[in-house]
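Residue numbering restarts at 1 for every chain, and letters A, B, ... go by the order of the sequence lines.
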Amino acid sequence: MSSNRELAAIFQKIATVLEIMGANAFKINAHVKVARVLEDLVQDIATVEDLSTLPGVGKSSVAKIKEYLATGEIKELSDLLGSIPSGLLDLMEVQGLGPKTVRRLWQEAGVVDIPTLKSAIEGGQLESMPRMGKKTISNIADSLAFLEVASERTRIGDAMPIAEMIIDQLAKTKGVNNIEFAGSLRRGKETIGDIDILATTTDSALLAETFCTLGGVTKVLVRGDTKCSIRLDCGMQVDLRIVAEDAFGAALMYFTGSKEHNILVREQAIKQKKRLNEYGLFDLDKNCIAAKTEESMYKDLGLPYIPAELREGKQELTLPQTPPLIQHSDIQSDLHTHTIASDGHLTITELAEEAKRRGLHSIAVTDHSQSSMQANGLSPKRLEQHIADIKKANEELDGINILAGSEVDIHADGRLDYEDELLAELDIVVASPHSSLKQDPIQATSRLLKAIEHPLVHIIGHPTGRVLGKRPGLEPDMPTLFAAAAACQTAMEINANSWRLDLRDTHVHAAIQAGAMISINTDTHAASDFDQLRYGILTARRGWLIPENCINCFSFDRLLAWLGRSC
DNA sequence: GCCGTTTTCGGCCCGACTGTTTTCAGTCG
């Protein structure tokens, strides 16, 4: 919902202005928390009956949200922005600049935005400020230059291979015992800020040296005894923490986060008269109760083990036991793939062989439909021939079932791109939006609803059509869609391609709550695309998906029965 | 500003690192 995002941005801005003005830190945090809750909210904020039921939303925030819904703005923000130059907000994005420094730059050097900061540096005006030495000024200049070329966050599909490559190299360093990545990467978020790596070693000097001189390092940002930070030529920042062997679990838990999860578990510790930090769980006499493994930490806090993907500070501490979240090995079929018949790079046989090699029992061939001209979509006549080719390949190949399908376009008005008679010949129909991705939410809802309710449609492919960092995609009323999907037994896809991850994590959770089935597919166009499945799994786990709610985990017989379901 | 299984008032995580200082403020995660 765009209004959710817009409102979240307003709360975030209020928080940032308050920070520059030196307001109470907890008041600032309260605004940041509301912003986060709004960003994660699946339901349109305008349809929430009792706003005060949202976590972190109190009396004052309810009033602000209501004001926004009635007028489209919040006066407090315009008032606040009247008291400081609005360009100061941009300065807060500069690494190393915090609220105190930004305020001083403004009041003592007349800096009001990034251009005036640049000229103040060039003109030497900062040098006369107290606590502003050569090194600090040069670091600010570096950060400014970096800000111009850097994008905000990195897609997990880019970050994960980098992290794994670095870990591979560091693991070979003499003395290293444990090494793992933590942070948002371990939690499986769709985009990553920094890569966090934790290690134990008998030679920390050697490990730090190896880390700071890795290929691709453009700047060493921090180099201490236990913490080093580097920036890579791709723009990513990587932090290495060297921790004690017997406190690896405590450190892993702490640096995996999220910050919100850490606060919740720390509160849990305080309630039990314990104390929790990155070195372990302690009693009031500072005796260590647990530290070595994450499992022991959660156990001694009286909690079930909480998988990293659930650690977002939401409802995870209320879990009575560890949920059996879906795993890579649970996936037995891929139900959305392409061949050279449309825009893929593999033949039907090559595709099926690759699926078989990866241990799947079934693969659905779902090439594009006729309207997808750019993707060489199949005319009805070509589809007829393609179905025959798929059936022939299915007979010839052992050890894999090949289903004849189509990824059929959902037109802007909700009609499908083939006649029902043709769709009825297919084993499986994935219906996806590919065009008119900027249509308004009401039209988008009705469009997707028609496809969900179509008796021949099994799966809605990449339901919003978003592409991370490039286009937001459709913004339909998700709760309405999920209710219909549950009623019609139409599965909603998690497209595992790391550019898409569509449905996103919060959608998956809402879909399951509504009783809808989920399908995780790679949308494979080339053999290596099967590797993207891991990102779909992470997104599914973040949405609390268990195998029972995912049709790709069904045995072949059960899948066939499900595909034959009546709507 | 938000919250409540000791609380409607009094908490709200806290340690590492940097740069500038001679003991600490600011930033970050």
Side-chain angles (χ1 to χ4, degrees), chain A residues 11 14-15 18-20 22-37 51-65 76 91-105 126-127 129-140 142-143 182-187 192-198 204 208 219-229 237-244 247 250-251 253-282 302 313 317-318:
Chain A
F11 271 89
I14 292 176
L18 287 174
E19 222 183 342
I20 295 170
N24 175 294
F26 301 108
K27 180 174 170 178
I28 295 164
N29 273 344
H31 282 85
V32 173
K33 185 171 182 196
V34 174
R36 189 167 175 273
V37 166
L51 292 167
S52 67
T53 57
L54 296 172
V57 177
K59 217 172 169 182
S60 157
S61 298
V62 167
K64 282 177 208 168
I65 295 171
E76 185 183 344
L91 293 181
M92 291 288 285
E93 302 298 317
V94 179
Q95 194 169 34
L97 290 189
K100 300 271 167 49
T101 315
V102 166
R103 190 181 165 89
R104 283 184 51 216
L105 285 169
L126 303 190
E127 285 157 27
M129 284 174 69
R131 296 194 69 82
M132 191 62 77
K134 278 202 172 66
K135 193 83 200 234
T136 302
I137 295 173
S138 135
N139 279 342
I140 295 173
D142 271 2
S143 296
S184 53
L185 187 61
R186 181 159 180 250
R187 301 201 311 280
I192 310 301
D194 305 334
I195 295 174
D196 295 299
I197 296 174
L198 290 190
S204 46
K219 187 174 169 74
V220 176
L221 299 163
V222 174
R223 184 161 180 178
D225 289 340
T226 63
K227 181 187 171 180
C228 298
S229 289
Q237 183 179 323
V238 188
D239 298 343
L240 171 70
R241 315 252 176 188
I242 300 173
V243 303
M253 183 172 169
Y254 183 85
F255 289 110
T256 296
S258 63
K259 187 177 158 196
E260 290 75 13
H261 177 80
N262 285 351
I263 290 171
L264 288 182
V265 284
R266 189 160 294 137
E267 281 171 2
Q268 181 89 358
I270 291 167
K271 272 185 210 161
Q272 299 171 9
K273 307 244 182 275
K274 292 169 190 161
R275 183 184 163 81
L276 178 66
N277 58 32
E278 63 259 54
Y279 302 108
L281 179 64
F282 301 89
L317 258 54
T318 63

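Under the salt bridge (Lys or Arg N to Asp or Glu O under 4.0 Å) criterion, A/Lys274 pairs with no residue at all, not counting sequence neighbours. Remark: A/Lys59 pairs with no residue by the side-chain contact (heavy atoms from CB on, under 4.5 Å) rule, at least two apart or across chains. Annotation: side chain to side chain donor-acceptor pair (under 3.5 Å) contacts of A/Asp239 (sequence neighbours excluded): A/Ser229, A/Gln237. Annotation: salt bridge (Lys or Arg N to Asp or Glu O under 4.0 Å) contacts of A/Glu76 (sequence neighbours excluded): A/Lys64. With sequence neighbours excluded, no residue forms a side chain to side chain donor-acceptor pair (under 3.5 Å) with A/Ser61. The salt bridge (Lys or Arg N to Asp or Glu O under 4.0 Å) search around A/Arg131 returns none, not counting sequence neighbours.
In this structure, A/Phe282 places its CZ atom 13 Å from P of B/dC14, rounding to the nearest Å. A straight line from CG of A/Asp225 to C1' of B/dA16 spans 10 Å, rounded to a whole angstrom.
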For nucleotides 1-9 of chain B, read 5' to 3', which letter fits each nucleotide if B means a protein heavy atom sits under 4.0 Å from the base, S means only the sugar-phosphate is that close, and - means neither?
BSS--B---

Mark up nucleotides 21-29 of chain B, 5' to 3', with B wherever a protein heavy atom is under 4.0 angstrom from a base atom, S wherever such an atom reaches only the sugar-phosphate, and - elsewhere.
---BBSSSB

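Between B/dT23 and B/dG10, the two P atoms lie 36 Å apart (nearest whole Å).
Every pair passing salt bridge (Lys or Arg N to Asp or Glu O under 4.0 Å) that includes a residue from residues 254-267 of chain A is listed here, sequence neighbours excluded: A/Arg36-A/Glu260.
With a 3.5 Å ceiling on both atom-pair distances, B/dT8 lacks any Watson-Crick or G-U wobble partner.
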